[in-house]
Amino acid sequence: MSKPREGNPQSVQAEIDALKHKPGALLPILHAIQDRLGFIPEAAIAQIADALGQTKAEVHGVISFYHHFRTTPPGRHVVQICRAEACQAVGARSLEAHAKASLGIDYHHTTADREITLEAVYCLGNCACGPSVRVDDRVLGRVTPERFDALTDALRTQILEVAG
Amino acid sequence: MSIRVGVRVFVPCDTTALSLGADDVAARLEREAQARGLSITLVRNGSRGAAWLEPLVEVETANGRMAYGPVSADDIPELLDAGMLEGREEHALALGATEAISYFARQQRLTFARIGVTDPLSIVDYLAHDGFRGLEAALARAPREIVEEVKASGLRGRGGAAFPTGIKWQTVLDTEATQKYIVCNADEGDSGTFADRLVMECDPYMLIEGMTIAGLAVGATQGYIYLRSEYPLALEILQTAIARAEAAGYLGDDIRHSGKCFHLEVRLGAGAYICGEETSLLESLEGKRGLVRAKPPLPAIEGLFGLPTVVNNVLSLAAVPYILAEGGQAYADYGMGRSRGTLALQLAGNVQRGGLVELAFGATLHELMEEFGGGTLTGRPLRAVQVGGPLGAYLPQSQWQLPLDYEAFSAAGAVLGHGGVVMFDDSVDMAEQARFSMEFCKVESCGKCTPCRIGSTRGVEVIDRIRADEDRDANLALLEDLCETMVDGSLCAMGGMTPFPVQSALTHFSADFRRPADGGRS
Ligand SMILES: Cc1cc2nc3c(=O)[nH]c(=O)nc-3n(C[C@H](O)[C@H](O)[C@H](O)COP(=O)(O)O)c2cc1C
Ligand code: SF4
Ligand code: FES
C-alpha cells in the first residue's frame, strides 16, 4: 500500500523546519518532502532555498542530479526493474521489454489510470535471485513475466479494496 | 508425537529471504502451528547468506539447529507432518544440521560469523555471540594502540581501492582538528554485490561497533552512514539498531561509562552510482550535487565539511570488531601475499547456488564458482564472469584459475573490487554487455570531465554502429581509441575503468563484435 500523500505549503515548511538545522540538510529535506508527497513540487523549491540560504537554481541543480528525486507526481505505486548485470544474466532484458509492453509505457512514465509508474534501477542488492523488481518499498526476486503481470494486476485491484 | 513446548523456529528477514516469500512462510507457520496446537517461538533471524536456500527455515533441537530450504508457505503443512519441529530429516527439503551444510562448513567466516545465527536487532543475542568485545578492548586502549592493531591486521579497504585501513586512520589521528568524522560508505552500488546490505540488515550492531571503534581510534565524535536509497529495509533496521545501541549505552555521550562519546546518524543517498566514490559521497553528504573532488587534499585531511574524515566501506568497518577482539595478528593469519584476512565474495547472476561466501584470500575463482556456486543456474556452459562490479573486467575461461588476491587480479588486468562475482552462460552477447557498460557510464557519470561524460555517449554510438555492421573495422579501431582516452583522461575510476569491461569483451570475446546484430533485442 502506498503512503498517504497530503501536502500544502505548511506541511512542506514543517518538514523543512524539522531538518534545516542539520549539517548538510538538503538531501534529508528533499527525502522528507518526497516521502510525504511522492515528489518535490515547484513551490517547495523556493521554500527550501529560502530556509537554507541558497538560490532556487542551486536547489534545482541538486534535485536534477539525483535519479531518486522527481518533480512531478508519480502513480500510486512505483515499480522499479533492475537493469544491472547480475539481473541481465538471468533474463532482466526480456523482463524489461515485457513490462513495458504489458503496462504500455516506457521508463519514467505512469499508466493512464495513474496506478503504476515504471522506473529503471541499477541493482537492488538482490543479485543472487534476479531478475529483481522493487514495488514501493518491497523487493521481489526471481520475477518472471507471468509473476510481473500477476503483481501489477494485484496492485491495480488494491484500490477497489481500499475504496469506500 | 511429542513436541517440546515453544520450540524455536527461525525464519530469516533480510531483503532476499523476503523477496522470496519469507513473510508468507512465517505467517503460515504460525497459523498452522496454532491450528495443530503446537507451541513455537518464531525468531526472525538474519540470513546466513545462502540465497539459493532462502527462505531457509531452521529449527532448534537438542543437537543444534536443523535446516529446511528453500521453503515456500505451501510446504509448511507437509513439513510439519514430516516432523520438522523435532528436527527430523524425512522431508525432501530437509538439509540436516545447518552448520554441516557444506556451503557453510567450508567457509572461513570471521566478519560474517554471526549473520543468520542471531536476531539482528537483539542486543542480548549480539552480546551472547561475542558482540561488543572489540569495543570493550578499544575502550581500554589509547587511540594510537587501536590504530596499531588495525595496521597489524593488514586490513585493506574492501570498498574497491584496497588502501590499507590502518594507514588511513593514522592520517586522521595525526591531523589536528576541532572536529573529525567517521563516514561509512554504504552506497554499495556495484551490480552483483550485497555483502554490505547483509551486514546492515543481519548484523547491524557489528557496523555500529566498528564505527565506534574507528571514532575512538582517531578522535572522531560524529559518524554518518551514507546509505543508498535502494535499501529501504537496511535503513529501517539501522535506525532501530542505533536507537537501541544508544539506549543501552554503546553509543552516545558516555559510552560504557568511559566518558567518551560517539554519535551516529544514517543519511540516505538518492540513486546516484557516483556517490559511492568517496569525494562525491562527501559532496552529497554536504547537501550538494555529487561531483567528484580532485585529490589531493585527501579526505583524511580535508574531508566532510573540510575536516579530517575517515571514509571506509561497510565491510572494512565490520572487520574491525573482530580485529580488536582477537588481535590484528589473528586476522592477518588468514590470506595470501599482501591480501590479508578474508574476503566477502558474492556469487550472483547466472549461478546455481548464489549467495555470500567468506573465504581467506587465495582460493581460485574457479573453485568459488564450481564448488560453492555449482555452475550456472541454466545448466548451460559458463562463458564470462564479471568480477568487481560494473567497472570490472569480464573474465574468459582462461582466467578462471586466478587466485582471489588483489595483486594477482591487477596483474591480469582485472579487479577484485567489492568482491562481486557475476556469472553469465553461453547465451550472453558480449557486444551487448560492452554497450551496457558504456550506457551505464553515460547514465551515471558525474559530468565533471569530458572523456567520461561525452566519451561514454560516443561509446554507445560506436558500439551500435559495430553491431549494425557499419564500417565495422574502422569503428572497432575508434572504440579502442576512445577507451584509451577514457582511461588516460578521466578524473576518477568511473570514466577511467568503464573501458575495463569493454576492452576485456573486445579482447576475449571478439567474435561477438563480428556477428550480425540480433534483430530483436536492443
Ligand atoms: C565510481 C566509484 C564508485 C564507488 N562506489 C563505492 C561503493 O559503492 N562503496 C564503497 O565502499 N566504495 C566505493 N568506491 C570506493 C570509494 O571511493 C572509497 O575508495 C572507499 O569508500 C574507501 O573505503 P575503504 O578504504 O574502506 O574501501 C567507489 C569508487 C568509485 C571510483
Ligand atoms: S571520470 Fe566521470 S564520474 Fe569521474 S569525475 Fe570524471 S566525469 Fe565524474
Ligand atoms: S543486479 Fe539486479 S539486484 Fe543486483
If you take all heavy atoms of [X] and [Y], which pair is closest and at what distance?
| X | Y | value |
| --- | --- | --- |
| A:Y66 | B:A270 | CB-O, 3.3 Å |
| A:H67 | B:A272 | CD2-CA, 4.3 Å |
| A:L27 | B:S284 | CD2-OG, 3.4 Å |
| B:R228 | A:G125 | NH1-N, 4.5 Å |
| B:Y224 | A:P23 | OH-CG, 3.8 Å |
| B:G349 | A:A89 | CA-CB, 4.0 Å |

May I ask you to name which of [options] has the most heavy-atom pairs under 4.5 Å with chain A?
| options | value |
| --- | --- |
| B:L268, B:D196, B:V351, B:L356 | B:L268 |
| B:R267, B:R197, B:K288 | B:R267 |
| B:S191, B:A51, B:G189, B:G354 | B:S191 |
| B:G21, B:A195, B:G269 | B:G269 |
| B:G290, B:G192, B:P390, B:C446 | B:G290 |

Portion of [X] that has a non-hydrogen atom of chain A nearer than 4.5 angstrom:
| X | answer |
| --- | --- |
| B:E286 | backbone |
| B:L377 | side chain |
| B:V443 | both |
| B:E439 | side chain |
| B:D190 | backbone |
| B:T193 | backbone |
| B:Y273 | neither |
| B:C275 | side chain |

Hey, could you give me the [atom1]/[atom2] distance between [X] and [Y], rounded to the nearest 0.5 Å?
| X | Y | atom1 | atom2 | value |
| --- | --- | --- | --- | --- |
| A:K22 | B:E265 | NZ | CD | 3.0 Å |
| A:C129 | B:F194 | SG | CZ | 8.0 Å |
| A:L26 | B:R289 | CG | CZ | 12.0 Å |

A:R138 CZ: over 12 foreign heavy atoms closer than 6.0 Å: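 No, not enclosed.
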Looking at A:H68, A:E58, A:E85, A:R134, which has the largest count of heavy-atom pairs under 4.5 Å with chain B?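 So the answer, after comparing A:H68, A:E58, A:E85, A:R134, is A:E85.
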Counting only non-hydrogen atoms closer than 4.5 Å, does [X] touch chain B with its backbone (N, CA, C, O), its side chain (CB onward), both, or neither?
| X | result |
| --- | --- |
| A:S94 | neither |
| A:V139 | both |
| A:V62 | both |

Per-residue contacts, residues 229-239 of chain B versus chain A, heavy atoms under 4.5 Å: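 Checking residues 229-239 of chain B against chain A gives B:S229, B:E230, B:Y231, B:P232.
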For the side chain of A:R142 and the backbone of B:L20, is there at least one donor-acceptor N/O pair under 3.5 Å apart?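 Flag not set: sc A:R142 to bb B:L20 has no pair under 3.5 Å.
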Would you please indicate if the ring centroids of A:Y122 and B:F440 are separated by under 6.0 Å? yes
